[in-house]
Amino acid sequence: MAGNELVPPDPDKIEQYGHLVIQALVAIVTIWATVRKALQKSEVVVKIPAPGSAEKAPVAPASGRVDAE
């Protein structure tokens with residue numbers, strides 16, 4: 001029964017399968033991240049002024065000019 005002998009795997013085939021496995025993992029992670037980002041709820045950002053900053057910073061008029069008196 002010479003036909004049932006074990007043959008060592010071809011290194012090129014091992015490398016090809018390794019590349020395929022890596023590409024499949026990258027594809028799965030990319031799709032998962034894209035779907036997760038698409039389903040993510042947007043966060044509401046509320047800007048709170050720092051304590052004491054309103055007293056120190058002068059407020060310019062809407063025209064953008066500050067006239068010295």
Side-chain angles (χ1 to χ4, degrees):
M1 297 190 132
N4 289 338
E5 294 180 18
L6 293 176
V7 179
D10 184 21
D12 292 331
K13 287 186 179 182
I14 293 174
E15 186 177 0
Q16 287 177 350
Y17 285 122
H19 286 293
L20 286 175
V21 168
I22 291 172
Q23 287 178 349
L25 289 174
V26 169
I28 291 169
V29 170
T30 303
I31 292 169
W32 176 70
T34 304
V35 170
R36 183 173 173 238
K37 182 74 173 177
L39 297 177
Q40 181 179 355
K41 294 181 182 178
S42 60
E43 297 180 10
V44 177
V45 177
V46 179
K47 294 186 178 182
I48 301 173
S53 65
E55 300 156 5
K56 296 178 184 175
V59 178
S63 65
R65 291 184 5 205
V66 178
D67 297 327
E69 294 180 2

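If you read the sequence from its start, that first residue is 1, and numbering goes on from there. Bear in mind the structure is a predicted one, so any value in this text is a computation, not a measurement. Because only heavy atoms are used, hydrogens play no part in the values below, and waters and symmetry mates are left out as well, while side chains stay in.
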Roughly how far, to the nearest 0.5 Å, is [atom2] of [Y] from [atom1] of [X]?
X: Y17; Y: D12; atom1: OH; atom2: CG; result: 12.0 Å
X: I14; Y: H19; atom1: CD1; atom2: NE2; result: 12.0 Å
X: K13; Y: L20; atom1: NZ; atom2: CG; result: 13.0 Å

Cluster check I31, L39: I/L/V/M/F/W/Y, side chain < 4.5 angstrom: yes
Checking one residue: L6. Which other hydrophobic residues are in its cluster under the side-chain 4.5 Å linking rule? none
What's the verdict on side-chain contact (heavy atoms from CB on, under 4.5 Å) for V26 and Q23, showing C-alpha distance, side-chain angles and the deciding distance? CA-CA 5 Å; V26 169; Q23 287 178 349; 5.7 Å; no
